[in-house]
Amino acid sequence: MKFLIVRDLPGRLRLRTPSRFSREFGFGLEDRLRRTKEITNVVTNEITGSLCIDYVPGTRDKIWEALAACEKNPITPVVDESRSQEIELKRKFENKLIKLFVGRYVIRPLLPYPVRKAVLFLKAIPFIQQGLDSLLSTNLNVEVLDATAISISLLRRNYSTAGSTIFLLQLSDLLEEWTTNRTKLDLTKTLELNIDKVLLVEEEETRWIPAHDIEIGDRLAISQGSIIPVDGTVVEGLGTVDESKMTGESEPSVKKEGSIVFAGTVLGEGSLEIIVDKKLEHSRMNEIIEAIESASAGKSVLEYRSEELADRIVPFSFLTALAVYGITRNITKTISVLLVDYSCAIKLSTPLAVIAALRQGAKAEVLIKGGRYLEEVSKADSFVFDKTGTLTTSEPIVKKVIAFEPYERDEFLRTAACIEEHFPHSMGRAIVQAAKDEGLSHAERHAEVEYIVAHGITTRLEGKRILIGSYHYIFEDNEASCTEEQWDLIEKNSEKYSIIYMSVDHKAAGFICLQDPPRPEAKKMIQELRDLDVKNIYMLTGDGERAAKGMAEVLGIDDYRSGVLPDEKASFLRDLKNKGHKIAMIGDGINDSPALALADVSISMKDSSDLAKDVADVVIQNDSLEKLPEIRKLGLAMEERIHKNYQTIIGFNTALLVLGVTGLASPTFTATAHNLSTLLIGINGARDYKNVMK
């Protein structure tokens, strides 16, 4: 394919093809060019047949090479529904915005006066209708004031004032529509489950079918490492399923005949056959997505207050106008007062300030489901954390290796690593890595091994039968013996660590202690929250007392609760709320969902369970706790901007009111000044927040 250079700047190229291409071709071209490490971003536009490439300055030759390769090797079109929806939403908004500004500042001046007048009356009808509806409902609100101001301006033939008022109201509605739709789309993308084909088991054969053809009652085969595509019941097989996104626990869940599995979880080991309980579109995941799509973004308390304040001011605006007319009998002064409207600027600037904050959060990979949740984060005096998967990495590491006589510690670890290296589960990987870190090489000396899914491993080494695995597998299934002294060692460590045991010829040979380490950024994050005036920080965990205490000390946490069940987490939060605390809850699993739902504001991580992300009001998408203090800073900055806007609106419009009452300003001047100030305050509200969420 050929490219024409439209613009060539250091670090940026804008190119155009001689003919248009499909959107799918554009996606394929973007994906191909992004493989070039010097290219930082690529955006195509199928309508104009153009592409814009951002690249590392000084590497333009590499860009030409990448483009030449696209000409030699055919581009494979890529279907991406999510990207298409994002493009359509953006273009729809841009088209409406352009149409609004072009209509007012380009087309309108060119129209004949009678046509311009007729168009203005047509645009005024919906706003006047809203005002009448409010009056019929006995609501004296902003809609009534807007309708009155527009109507009086039209009756007085002050068409410029009426047009400016209508334009600002249309702009406010458009911005609110864009923000709501964009937030819904971003949330939907984070929860979407993309599976193309599944393996259907029939009496005579197994065959691949499209995922959207799945029916209730179908029998599906799930292989090791695959994502489970639907909610279902296991009818055959044995395996371990990674449900960390659902439960928040790092250890895999054993699934056997009769077990329930959920869409979006991953089969780590073994193989399963399941009967479909729900079709793909009715799975819990898709129900969550539909709920998000049908819901509007939650408004902040400040937004509700601004709307209430705006509505409360309306009667005073009318009373002031009537008083001025009663005293002066001057209709010009009366109209000047009526056209100075505090509520218009308040209603426009507050949502824009919230929109700017939500947008800035989204840019920083933080999805905030509504302005009120950002406000709650800024006001929370107590932050409550789940431990596993939230404050920890969910990747265990070896903390202790204890070998029983007559075995040496290093030889014990070497043997365990030798056996475990063939079976990729998180604890096995940790043991292999520990041996590697200590330089303990392990040549193959054991016979063929037998792996019992979710239990352990059996093998023979130098004529001896060796087992490695869980307590249940070693001591209950295979009845390995153990001395009282050895039991004491096991009991001392069992509360603090997860343990893998080994036996040789039915006698306990030792055990390996593993621990899920804290996230590297967790301690710093907690200190930053304290610096931002968070009074109380709590940790809740199902771990034993010693494990919980150790983690709390490492992270510098004020208070913790150990051995906590899901309903007990909710009870803890309920007690805090009854004491008058404002609570932010941070969790990642289904077991956290009751507590998340009870909190004033709930926060989850990228790798949290789908249910937790649905319940949570804020989702941190980059799986790092570093963003948490930044979210609080953003909320505080948003509140500060809204309050400053209030002060500016009250001060400026009061000055205009005085000018109107004294006759020093005409209705045209007060209306123009009011509308201009409203627009400028709105623009100020919509700008990015400095030094926050970068």
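Judged by the 6.0 Å distance and 45° axis criteria, R83 is positioned over the aromatic ring of F27.
Salt-bridge formation is not detected for the pair E88/K92: no Lys NZ or Arg NE/NH1/NH2 atom is positioned less than 4.0 Å from an Asp or Glu carboxylate oxygen. Contact check on D381 versus K379 returns no salt bridge, with no Lys/Arg side-chain nitrogen under 4.0 Å from an Asp/Glu carboxylate oxygen. Salt-bridge annotation for K582 and E376: present, with a side-chain N of the basic residue lying under 4.0 Å from a carboxylate O of the acidic one. A salt bridge links D533 with K535: the distance from a Lys NZ or Arg NE/NH1/NH2 to an Asp or Glu carboxylate oxygen falls below 4.0 Å. Note on D617 versus R372: no salt bridge recorded, every NZ/NE/NH1/NH2 to OD/OE distance being 4.0 Å or above. A salt bridge does not link K523 with E553: none of the charged nitrogens is closer than 4.0 Å to a carboxylate oxygen.
Ring planes of H643 and Y646: perpendicular class, angle over 60° (limits at 30 and 60°).
In the displayed structure, K644 atom NZ is contacted under 6.0 Å by at most 12 heavy atoms of other residues, nucleotides or ligands.
For P518, the side-chain contact (heavy atoms from CB on, under 4.5 Å) partners two or more places apart in sequence, or in a different chain, are M551, V554, L555. Applying the salt bridge (Lys or Arg N to Asp or Glu O under 4.0 Å) test to R530 and every residue at least two apart in sequence or in another chain returns D558.
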Could you walk me through whether E30 and T44 satisfy the side chain to side chain donor-acceptor pair (under 3.5 Å) test, starting with their C-alpha distance in whole Å, then the side-chain angles of each, then the deciding distance to 0.1 Å, before giving a yes or no?
CA-CA 7 Å; E30 289 176 14; T44 60; 2.7 Å; yes

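In this model, a donor atom of one side chain and an acceptor atom of the other lie less than 3.5 Å apart for D277 and T233.
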